[in-house]
Amino acid sequence: MTQTRPSSKSTFIPCNGAVEIGDLLPIVEHPLFQRLRRCRQLGLNDLIFPGAQHTRFEHALGVLARTRFAAQLQHMDSDSTRRLEVFALLHDIGHGPFSHQIEPALQKNHHERGKECISEMAAAIHSCGVSSEDVISMLNGKDPLAFWVSDRNLGTDKLDYLERDAYHIGFAGGPSIETIQRQTIIAPDVGGLALKEKFIEEGKRLQKFYSYLHQHGYLNKTALAAQRMLQRAIQEELLLCDNPAALSEKLWPMTDDELMQWLHRAKSALARRYCTALANRSLYRTCLCIKPDGYGYVENTVDKPIALLEWPRQRLSRLSNALATLPKLRQIEDELATAAGLPPGALLLAAMPYFTKLLPKDLRIANGGDNDYWLFEKDKDHRASLESDYLRTFAVRLTVPEAHRTRLSKSPAPLLEVLEAHTANSGN
């Protein structure tokens, strides 16, 4: 397909400046795309970082700008460029309210929802010179061209969100995104992208910055507590309805504010209390923190009512597995609340996934010959450093309202008995 609506119209966003959208207006002006203006990129993290108010809409435009630059650098033909531009705009179209933070509660993921949205937008996509089937193929990872957006190290999606999230959070010291883009090539032997060997240090810096953002931004302990409060609020309300799956379908198209309004009107009194607490920033706080052996020093407990423990990594992995599903997580939370002498829902677990996603993916390095290689295979010290970054961040936190924090931090034994029982019976 070829472009059918030549036009000229720019919009301005942080990190990129002017982004030309005239040829893509049918997509940009579609209600499903405009909805992204009201979905924050980082969910509830603005409760901790006030500047993190940027949206999926802004991010999509940023990915478009980065993708267009990549296409120019690679001298792509006009049809390939246009397909990539449309995919860049629509790669996150399926995100629900508060993005990744509530997906576990809604029985679907944003890729599945994204394919539904793309089908609904077929006419707008077609008027921009691309078929909806082509975009879905890219979303499914079946078109090699999609790597320029979706590659887990060098794709324009990741490059944009690292730069944009850091900007809005207020972090500095990131790598040169433009340099990385200029030195990225296709690695046909592995079906992805590679970085030229001469710029390997910039690639390592990119991965370390990814770890830094997780340590101090995305996995901020207060943000994780707020995220669990929101998830539990949705869980509680879904449990009161006759058809949770049908209700989940109605929640996916909501914006952040619409979901909060729905929770304010919830049947569940507990869900309403969580919602009010989030609105007032009356967040649950850590009373007990469990870190990997050797990493307890990272937790700041000075003048804070926190009981701090260190567990072996294998034991923490078993505990993480025991908390892997939301129904099981809720069950254990309520067992802990009972042990603490609290009502159901008054104690929540803010637990991180154990090495499932947060360690950066291996990076392909191109040396200009036939001996391209994977970074982690050659530089084991770099990989060990990234693992250490994650271990410093990892924790299982028991969180409660401030009023109960001091008492439970001084007498954690009943809570530990519950956790130890589930660790012993997890089957790992």
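When reading the values below, keep in mind they use all heavy atoms of this one structure, side chains included, and skip hydrogens, waters and symmetry mates. Start at 1 with the first residue, then count along the sequence.
- At a cut-off of 3.5 Å, with distance as the only test, a side-chain donor of Arg56 or Ser99 sits close to an acceptor on the other residue.
- Note on Asp256 versus Arg38: no salt bridge recorded, every NZ/NE/NH1/NH2 to OD/OE distance being 4.0 Å or above.
- Between Arg315 and Glu420, at least one side-chain N (NZ, or NE/NH1/NH2) sits under 4.0 Å from a carboxylate O, which counts as a salt bridge.
- Closest approach of Ser211 and Leu386 over heavy atoms only: OG-CD2, 3.4 Å.
- Here the side chains of Leu363 and Gln207 are in contact, with some heavy-atom distance below 4.5 Å.
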Practice item. Could you walk me through whether Trp311 and Leu319 pass the side chain to side chain contact (heavy atoms under 4.5 Å, CB included) test, one step at a time? Key: CA-CA 10 Å; Trp311 280 11; Leu319 178 57; 3.7 Å; yes
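- With Gln101 contributing its side chain and Leu44 its backbone, the two residues share a donor-acceptor pair below 3.5 Å.
- Scanning for side chain to side chain donor-acceptor pair (under 3.5 Å) contacts around Asp160 gives His59, Arg164, with sequence neighbours left out.
- Between the side chain of Tyr274 and the backbone N or O of Gly345, at least one donor-acceptor pair lies under 3.5 Å.
- Using a distance-only test at 3.5 Å, with no hydrogens or angles considered, no donor-acceptor pair links the side chain of Arg281 to the main chain of Ile48.
- Formation of a donor-acceptor pair under 3.5 Å by the Lys328 side chain with backbone atoms of Leu323 is not found in this model.
- Considering only heavy atoms from C-beta on, Leu247 comes within 4.5 Å of Leu238 through its side chain.
- Under 3.5 Å, the side chains of His168 and Glu58 contain a donor-acceptor pair of N or O atoms.
- Judged by distance alone, the side chain of Asp372 and the main-chain N or O of Asn367 form a donor-acceptor pair under 3.5 Å.
- The line from NE2 of His95 to CD1 of Ile93 is 10.0 Å long, rounded to the nearest 0.5 Å.
- Scanning for side chain to side chain contact (heavy atoms under 4.5 Å, CB included) contacts around Gln235 gives Arg228, Arg232, Leu326, Arg330, with sequence neighbours left out.
- Ion pairing of Glu299 with Lys221 is present here, as a side-chain N (NZ or NE/NH1/NH2) and a carboxylate O approach within less than 4.0 Å.
- Considering every non-hydrogen atom in both Ser282 and Met229, the closest pair reads O-CE, 3.9 Å.
- Formation of a donor-acceptor pair under 3.5 Å by the Glu310 side chain with backbone atoms of Gly296 is found in this model.
- Residues that satisfy the side chain to side chain donor-acceptor pair (under 3.5 Å) test with Glu201, not counting sequence neighbours, are Lys204.
- Asp143 has its side chain within reach of Arg83: a pair of non-hydrogen atoms, C-beta onward, lies under 4.5 Å apart.
- Within the 4.5 Å cutoff, the side chain of Arg392 has heavy atoms near those of the Gln215 side chain.
- Looking at Ser388 and Tyr295, their side chains come closer than 4.5 Å, going by heavy atoms from C-beta outward.
- Distance alone, capped at 3.5 Å, places no donor-acceptor pair between the Gln34 side chain and the Pro31 backbone.
- Contacts of Tyr161 classified as side chain to side chain donor-acceptor pair (under 3.5 Å), with partners at least two apart in sequence or in another chain: none.
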Exercise for review: Decide side chain to side chain contact (heavy atoms under 4.5 Å, CB included) for Leu32 and Ile118; before the verdict, give the C-alpha distance in whole Å, the side-chain angles of both, and the deciding distance to 0.1 Å.
Suggested key: CA-CA 9 Å; Leu32 287 176; Ile118 289 166; over 6 Å; no
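- Taking the charged nitrogens against the carboxylate oxygens, Arg66 and Asp157 have no contact shorter than 4.0 Å, which rules out a salt bridge.
- Remark: the Glu120 side chain and the His30 side chain contain no N/O donor-acceptor pair separated by less than 3.5 Å.
- Val149 is listed as a side-chain neighbour of Leu84, based on a closest heavy-atom distance under 4.5 Å.
- Applying the ring-ring contact (aromatic ring centres under 6.0 Å, His included) test to residues at least two apart or on different chains, none of the pairs has a partner in residues 219-246.
- Defined by atom type and a distance below 3.5 Å, a donor-acceptor pair is present between the side-chain atoms of His54 and Asp165.
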**Study point:** Stepwise side chain to side chain contact (heavy atoms under 4.5 Å, CB included) test for Ile169 and Asn45
**Key:** CA-CA 9 Å; Ile169 288 174; Asn45 280 46; 5.7 Å; no
**Study point:** Test side chain to side chain contact (heavy atoms under 4.5 Å, CB included) applied to Leu263 and Leu278, step by step
**Key:** CA-CA 11 Å; Leu263 286 173; Leu278 288 168; over 6 Å; no
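- You'll find the side chain of Thr67 stays beyond 4.5 Å of the side chain of Trp148, heavy atoms only.
- Electrostatic pairing of Glu237 and Arg272 does not count as a salt bridge here, judged by no charged N lying under 4.0 Å from a carboxylate O.
- Side chain of Ser320 to backbone of Leu316: no donor-acceptor contact under 3.5 angstrom is found.
- Ion pairing of Arg313 with Asp293 is absent here, as no side-chain N (NZ or NE/NH1/NH2) approaches a carboxylate O to less than 4.0 Å.
- Using a 30° and 60° split on the angle between ring planes, Tyr212 and Phe209 fall in the parallel class, below 30°.
- The closest donor-acceptor contact from the side chain of Asn300 to the backbone of Val302 lies under 3.5 Å.
- Listed by chain and number, the residues in a side chain to side chain donor-acceptor pair (under 3.5 Å) with Glu178 are Arg182 (sequence neighbours excluded).
- The cationic atom of Lys158 (NZ for Lys, CZ for Arg) lies less than 6.0 Å from the six-membered ring centre of Tyr210 and within 45° of the ring axis.
- To the nearest 0.5 Å, the span separating CG on Leu283 from OG1 on Thr286 amounts to 11.0 Å.
- Taking a 6.0 Å sphere around OH of Tyr167, one finds it holds 12 or fewer heavy atoms contributed by other residues, nucleotides or ligands.
- Taking both residues in full, the closest heavy atoms of Leu224 and Leu219 are given as CD1-O, 3.6 Å, listed atom of the first, atom of the second, then distance.
- Nearest heavy-atom pair across Asp92 and Leu36 is O-CD2, 4.2 Å.
- In plain terms, the two heavy atoms of Gly173 and Arg205 that are nearest each other are O-NH2, 3.5 Å.
- Using modelled atom types, one finds a donor on one side chain and an acceptor on the other under 3.5 Å when comparing Ser131 with Asp134.
- In summary, the side chains of Glu103 and His110 do present a donor paired with an acceptor at a separation below 3.5 Å, with no hydrogens or angles considered.
- Taking 4.5 Å as the limit, some side-chain heavy atom of Arg405 sits within range of a side-chain heavy atom of Ile306.
- Between Ala194 and Ala187, the shortest heavy-atom distance links the atoms CB-CB, 3.7 Å.
- A donor-acceptor pair under 3.5 Å is formed between the side chain of Thr423 and the backbone N or O of Leu419.
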